[in-house]
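Here the structure is laid out as structure tokens; the discussion comes afterwards.
Scope of the values below: all heavy atoms of this structure, side chains included, with no hydrogens, waters or symmetry mates.
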Amino acid sequence: MKKLLEKLQFDVLEDKPIKVLICITLPIIIVNVISVFTASITNSIYSRYVGQVVFTVTGLISTIVSAFASFVNSTYSAAWIKTAGSYSKENRGKAGNKIYNSIYAITLVELVCGAVFILLAEPIFALANIPTEAKGDTMTYYIWYIVSYIFVSVSGLFASVHNGVGSAFNIFVINLITTFISTFSAFVLLGVFNLGVTGYALLSAFNSLLSLIYCIIIVARKGVGLKLNKENLKPDFKLIFSITRYGLLIALQTLLCSVGYFAVSIQTNKYLSLDYIAVTAVSLPISGPMGALSSAVSIFIPQNFAAGKTERVRKFLNMTLALNVGYGAICAIIYWSLGRWYYSTLFTDPNIVNLGAQYWMWYGLGFIFVAVLYVVRVFYDCIGMSNVALFSGVSEMIGSFICAFWLIPTFGNIGNTLMFPISWFIAASYLLVSYTLLKKRIYHQCDMNRLN
């Protein structure tokens, strides 16, 4: 057993790229297969203990809360990118100050953004055309989700460090824990305590808090100094500002996308029925491998690019991109095949089932294109070129505007249904073309890093 665990360890800077990729992604993919079944149980819990209101609320407000979450999530992503070198074996003991300053940056962004989103709730809801009959439940979900999100973002930071210093076994365990906790939490908060929409809003925070405890234990065992002493807790305002600034640049990409999606949401709430809105809130947890490959890029690229290991960077990018696009095609087939059956397990109205099957058919197609975004956009962020990645957000926004201001008013449901495929196709095309044009410059800078 000891020998097996040793083989599951990996060194980002020295081990073969394929080994690093497998050690990071395979555990997540295995758990993702399991999560397909647990998600069905979880959705059934939602349907049984809260009802259709869960899916309606999520459909009405998902774009807005996603925009909020993107700001905080981008901050912990920036924190990892800026401090990744501090978690090498020889530096881990002194990395505690980096973690606590990362938490300071996350908390700062969380407080500011949370206050802004809550104070502007009424005008945001008015602009989003939230129906009067759904406003109460939607507001409850909105406020509790934002207030509790700090646990999600801090957990995300520790998960990034955990994945960077851990092993394939550690990554498997944390993802397995997260998967089963989601179902358990849904049963406890909704079934046992009957918290309704409030409980649904708190699920992410509750899950993250439990995952955070595990990550802290593993990170500490791997030698990262986490003691609550003066040296670790001392604010480094230069680092906090650097993380916050780069995080906002990353978030701006998502914000541009969110502007487009919000425009679609406004038009959807104005022109389309609540039955259709409900079906857009249902999805399968099969994008996990894409997230795993994206995580692998965010773990592997920053350290290797900074070390000037050009061939390792090039090989890893090409490998992850090819794998992700291939998996995107598999996702499309799954959505095409299971739509009618899956919606019939959640809804009894044949009309809603038909709407859901049509939605999934086109939504699935978009996974082929979004696979490119998962890899290339993150790659740009990891090498300090978020300004280039920013325009992929512009591209997504343009695609969403086409759907919001032309397709939805003119053609109805199909306008919303085509939002993701069109937006992701335009953004993916931009990223691939820009990489082709900038490739020489990128790898020249990587070579220069080796000489510095």
Side-chain angles (χ1 to χ4, degrees), residues 10-26 28 73-89 91 95 98 102 156-157 159-166 168 171 242-243 246-247 249-250 253-254 289-325 327 370-390 392 428 431-432 434-436 438-452:
F10 59 89
D11 189 318
V12 173
L13 291 173
E14 299 299 333
D15 286 334
K16 291 182 179 180
I18 185 64
K19 178 185 177 181
V20 178
L21 182 65
I22 291 174
C23 286
I24 295 173
T25 60
L26 185 58
I28 300 176
N73 291 350
S74 297
T75 306
Y76 79 68
S77 296
W80 165 251
I81 292 170
K82 290 288 185 180
T83 64
S86 301
Y87 302 104
S88 59
K89 290 182 179 179
N91 295 326
K98 298 291 191 294
S102 297
L157 169 67
S160 297
V161 178
H162 165 276
N163 293 343
V165 304
I171 295 174
S242 178
I243 291 172
Y246 198 69
L249 184 58
I250 296 174
Q253 302 168 30
T254 309
M290 290 188 175
L293 286 165
S294 184
S295 296
V297 171
S298 68
I299 291 170
F300 185 94
I301 297 298
Q303 295 185 53
N304 281 275
F305 189 81
K309 300 195 174 189
T310 303
E311 286 308 311
R312 287 173 63 82
V313 171
R314 192 196 308 270
K315 184 176 182 179
F316 200 82
L317 175 63
N318 292 339
M319 184 168 51
T320 51
L321 181 59
L323 288 171
N324 222 26
V325 172
Y327 182 71
V370 79
V372 177
L373 276 63
Y374 266 97
V375 173
V376 182
R377 179 183 282 173
V378 175
F379 173 78
Y380 276 134
D381 289 335
C382 290
I383 62 174
M385 296 181 69
S386 284
N387 55 328
V388 177
L390 180 64
S392 68
L431 287 170
L432 291 176
S434 66
Y435 174 71
T436 301
L438 295 172
K439 184 161 52 175
K440 184 176 179 180
R441 171 185 161 190
I442 290 170
Y443 294 116
H444 173 71
Q445 179 59 52
C446 191
D447 289 335
M448 294 301 294
N449 289 344
R450 183 176 67 251
L451 301 175
N452 292 334

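A salt bridge (charged side-chain N to carboxylate O under 4.0 Å, His left out) check over residues 293-308, counting only residues at least two apart or in different chains, returns nothing. Residue pairs meeting the side chain to side chain donor-acceptor pair (under 3.5 Å) criterion with at least one partner in residues 292-301, sequence neighbours excluded, do not occur; the list is empty.
Of all non-hydrogen atoms in Ser102 and Thr83, the two that sit nearest each other are OG-CG2, 4.4 Å. Across every non-hydrogen atom of Ile299 and Asn163, the tightest pair is CD1-CB, 3.4 Å. Residues Cys446 and Phe305 come closest through the heavy atom pair CB-CE1, 3.5 Å.
Here the side chains of Ile171 and Ile24 are in contact, with some heavy-atom distance below 4.5 Å. Side-chain contact between Phe316 and Asn304: absent, with no pair of heavy atoms (C-beta onward) separated by less than 4.5 Å. By the 4.5 Å heavy-atom criterion applied to side chains, Met385 and Gln445 are not counted as neighbours. Using a 4.5 Å cut-off on side-chain heavy atoms (C-beta onward), Ile250 and Ile81 make contact.
Residues satisfying the salt bridge (charged side-chain N to carboxylate O under 4.0 Å, His left out) criterion with Lys309, sequence neighbours excluded, are Glu14. In this structure, Arg312 has no salt bridge (charged side-chain N to carboxylate O under 4.0 Å, His left out) partners at least two apart in sequence or on a different chain. Residues passing the side chain to side chain contact (heavy atoms under 4.5 Å, CB included) test with Thr75, sequence neighbours excluded: Ala105, Ile106, Val109, Ile243. Partners of Leu323 by side chain to side chain contact (heavy atoms under 4.5 Å, CB included), not counting sequence neighbours, listed by chain and number: Leu21, Leu293, Met319.
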Distance-only check: which donor-acceptor pairs under 3.5 Å involve side-chain atoms of residues 372-383, not counting sequence neighbours?
| from | atom 1 | to | atom 2 | distance (Å) |
| --- | --- | --- | --- | --- |
| Arg377 | NE | Ser392 | OG | 2.9 |
| Arg377 | NH1 | Glu396 | OE2 | 3.3 |
| Arg377 | NH2 | Ser392 | OG | 3.1 |
| Arg377 | NH2 | Glu396 | OE2 | 2.5 |
| Tyr380 | OH | Ser434 | OG | 3.0 |
| Tyr380 | OH | Tyr435 | N | 3.1 |
| Asp381 | OD1 | Gln253 | NE2 | 2.8 |
| Asp381 | OD1 | Ser386 | OG | 2.6 |

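In this structure, CD1 in Ile442 is found 10.0 Å from CZ in Arg314, a value given to the nearest 0.5 Å. We find the OH-OG1 distance between Tyr327 and Thr320 to be 15.5 Å, quoted to the nearest 0.5 Å.
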